[in-house]
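Reviewing the structure listed below.
This chain uses plain numbering: 1 for the first residue, then up along the sequence. When a ligand or atom number is given, it counts from 1 through the structure's own listing order. These values consider heavy atoms only, across backbone and side chains, with no hydrogens, waters or symmetry-generated copies.
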Amino acid sequence: MEENPFVKKWRKGMRRIALVYPNAYASGIANIGLQYIYAYLNSLENCICERFYLDVHNCLRSFESGTPLKDFDLALFSLQFEEDYFNAVRILRESGFKGLKVAGGPCAMINPKPISKFFDAFVVGEVENSKVLDVIANAKTVEDLECEGIWVKEGRVKRIYPKKLDFYLNRQIIANSVFGRCLILEVGRGCVRRCRFCVVRQIYSPPRWRDVRILIETAEDYRGFVDKACLVAPSTLDHPRIKDLLSELVGMGFTVSPSSTRADRLDEEIVEILVEGGLRSVTIAPEAGSDRIRDVLNKGLSEEDIINAVKICSERGIRSFKFYFMIGLPNERFEDVKGIVELVKKVRSMKVDVSVSINPLSPKPHTPLQWCPYTGFDDFKEGFRVLKERKRFLIRELSKLCEVNIESVERFAVQTVLSRGDTDVCRLFDFKPNLRAVEKLGLTKYLKRIPLEVELPWDFIDHGYKKDRLAEEFIRACEFRS
Ligand code: SF4
C-alpha cells in the first residue's frame with residue numbers, strides 16, 4: 001500500500017502519459033528521479049501521468065486506474081538495465097500501443113542504439129530543471145520532441161543535467177521499495193572517484209551534493225510518518241557533510257541506511273553513528289581479489305582498507321557483510337582470482353558472516369574499459385573457457401566458506417552486446433535473449449576487443465569528457481603489470 005499517493009482524475013482534453021518501468025514495482029518506486037517526473041507531469045494542467053510496472057497488470061494496464069497502455073498518448077519508458085529491453089519490447093508489442101514512444105534512464109544515456117528501432121526518441125540526461133518534460137507533455141509528433149537533451153535518432157546529442165540539486169519532491173510516495181518502507185533521501189549524483197569500469201562517474205558528472213539543511217528539513221516533514229531514512233547516491237559516504245547528516249537523522253529518531261558504502265570511508269566515528277542508526281550489515285565492493293587488479297581498475301582501495309573496515313565494523317557489533325567482486329578483468333591472472341578466496345578467508349577468520357556476489361565484467365560504453373574484450377581475452381572462445389573455469393573454481397572454494405552467487409558468463413555476454421552494440425542488435429528482440437541468438441545473428445563482434453581508432457556506436461553522445469583521456473587510461477590499465 002502506498003502512502004502519500006498522487007490522485008488525479010482524467011478529464012476530457014487531457015493528454016495521457018504512461019510512465020513505464022519495465023521491471024518490478026519495488027525497484028521502480030525506489031527511484032526518486034521517476035517520482036520527480038511523475039509528480040511534475042501531474043502538476044501540469046493539461047496532462048495526467050499514470051505508472052506501469054512489470055508486476056502490476058504485467059505492465060499492460062496502469063497502476064492507478066487500470067487503464068490499458070494503448071489508451072495513452074505517449075509512453076515514457078525508464079530503461080535502467082539492459083536486460084529490461086526485452087520486457088520493454090514485449091510490452092510495446094503486446095499492448096498494441098500506437099502513440100509516441102520515448103525512453104530515458106541510464107541505458108538511454110549510455111547507448112540507445114541497440115533498442116532504437118522500438119522508440120521515437122531518447123532522453124539523454126537528467127530532466128530536472130530543463131524543459132524536456134514540458135516538451136514531452138505537449139508533443140504530438142516526433143518533430144515536437146526535438147529539443148536539447150532529446151535524441152530523435154539522428155545527429156549528435158549533448159547530455160543535459162541540472163547544475164545544482166536544488167529541486168525537491170513536495171510529496172514523496174512512501175511504499176515497500178527495495179530499500180524497505182522508508183523515506184528516500186537522494187544526497188547526491190555523480191561520483192568523485194575515478195574507477196575505470198564505472199559508467200556512473202561518466203554519465204552523471206560532475207559530482208553534485210544536496211544541501212544538508214534541506215535534507216534535514218525534508219526528513220522533518222516525514223518524522224513520525226516513517227522511521228527509516230535511506231540515503232541514496234552512487235557513493236553516499238563521500239558526501240562532504242555525511243557525518244553531520246547521519247548524526248542529525250539518528251538524533252531525530254530515524255534508523256538510517258546508506259545505499260552504498262566504501263570501505264575506506266568506514267572510520268570509527270561513521271560506523272558508530274551508523275550502528276546507533278540501526279545498521280546491522282555492511283556491503284563492500286572490493287571488486288577484485290588483489291591490490292594489483294584494483295589498481296588496474298583505479299578503485300583506490302587496498303586490502304588493508306577492506307580488512308580495516310571489517311575490523312572497525314565487527315568491533316562495533318556488525319557481524320554480517322556482503323562483498324561484491326568481478327572477474328574477467330583486464331590483466332587478470334589466476335592468482336588474482338585465488339586472491340578473492342584468500343580475502344574471504346581472512347574476513348571469515350574475524351568471526352563474521354560473509355556472502356559473496358560475483359559478476360563477470362561487462363565493459364561499459366563511455367568508460368576507459370569500453371574497448372576491452374568481454375572476458376578480458378582477445379580469443380573469444382578461450383576467454384569463455386577460462387572464465388567458466390574460474391567460476392567453477394570460485395564456487396567450489398567459496399562455498400566452503402560462505403554463501404556465494406556467481407552470475408552466468410553467457411548472461412553477461414548478452415548484456416554486453418545490448419550495451420555495446422549498434423542498431424543491428426535490434427534484431428535480437430525477435431529471439432530468446434541468449435548467447436545462441438547472439439551467435440546466430442553474428443553479434444559476437446560486440447564482445448571482442450574494439451580497436452582504439454574505430455568509431456563507436458555511442459560516440460554521438462556528448463557527455464563532456466575527452467575520448468583521448470579515456471584512451472590513455474585504457475592503455476594504462478592494459479599495460480599495468482607490477
Ligand atoms: S564504482 Fe562507486 S566509487 Fe567507483 S566511480 Fe563508480 S560510483 Fe564512484
Side-chain angles (χ1 to χ4, degrees), residues 30-33 80-82 105-107 109-110 126 159 161 165 178-179 184-210 230-240 242 257-267 270 282-306 308-309 321-330 332 340 356-370 372 407 412 415 419 463-466 469-470 472-474 476-477 480:
N31 187 315
I32 217 68
Q80 301 284 322
F81 316 101
E82 288 87 358
C107 293
M109 292 158 74
I110 294 170
E126 303 163 46
R159 171 173 59 102
Y161 60 89
L165 302 187
V178 281
F179 302 127
I184 297 168
L185 291 173
E186 187 192 41
V187 302
R189 291 186 188 173
C191 185
V192 292
R193 314 277 176 162
R194 317 240 25 103
C195 306
R196 291 189 175 122
F197 60 89
C198 178
V199 72
V200 165
R201 70 165 211 182
Q202 301 292 95
I203 66 168
Y204 291 104
S205 72
R208 290 148 291 157
W209 301 109
R210 283 192 191 272
C230 184
L231 276 53
V232 177
S235 183
T236 316
L237 300 187
D238 279 327
H239 189 292
I242 190 67
S257 166
S259 64
S260 59
T261 44
R262 265 195 63 108
D264 54 351
R265 296 288 293 158
L266 290 168
D267 61 21
I270 228 165
V282 162
T283 300
I284 293 175
E287 314 292 4
S290 69
D291 283 347
R292 188 181 74 86
I293 294 292
R294 275 187 288 275
D295 285 343
V296 168
L297 300 176
N298 205 27
K299 180 72 185 174
L301 197 66
S302 66
E303 183 168 307
E304 197 184 335
D305 293 327
I306 297 160
N308 196 33
F321 293 83
K322 179 151 194 179
F323 276 28
Y324 282 98
F325 293 97
M326 293 185 287
I327 51 172
L329 300 164
E332 179 182 275
I340 296 178
V356 171
S357 178
I358 303 177
N359 291 341
L361 169 76
S362 173
K364 290 288 178 206
H366 309 288
T367 70
L369 301 192
Q370 65 184 354
C372 272
E407 280 298 344
F412 271 61
Q415 198 193 101
S419 175
H463 277 291
Y465 62 79
K466 294 224 174 349
R469 186 184 56 74
L470 290 197
E472 278 167 25
E473 278 198 58
F474 171 63
R476 226 174 293 147
F480 201 95

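Note: Arg196 CZ to Gln370 CD = 13.5 Å, rounded to the nearest 0.5 Å.
The side-chain contact (heavy atoms from CB on, under 4.5 Å) search around Phe81 returns Tyr21, Asn23, Asp84, not counting sequence neighbours.
Sorted by chain and number, the protein atoms of type N, O or S within less than 2.8 Å of atom 6 (Fe) of ligand 1 are Cys198 SG.
Counting only heavy atoms from C-beta outward, the side chains of Arg294 and Ser302 never approach each other to under 4.5 Å.
By the 4.0 Å heavy-atom criterion, Glu287 is excluded from the residues contacting ligand 1.
In this pair, His463 and Tyr465 present their aromatic rings parallel. The plane angle is below 30°, not in the 30 to 60° band.
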- [ ] May I have the step-by-step check of side-chain hydrogen bond (donor to acceptor under 3.5 Å, both in side chains) for Ser260 and Thr236, ending in yes or no?
- [x] CA-CA 6 Å; Ser260 59; Thr236 316; 3.2 Å; yes

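A salt bridge is defined here as a Lys NZ or Arg NE, NH1 or NH2 lying under 4.0 Å from an Asp or Glu carboxylate O, and Glu473 with Arg201 meets this definition.
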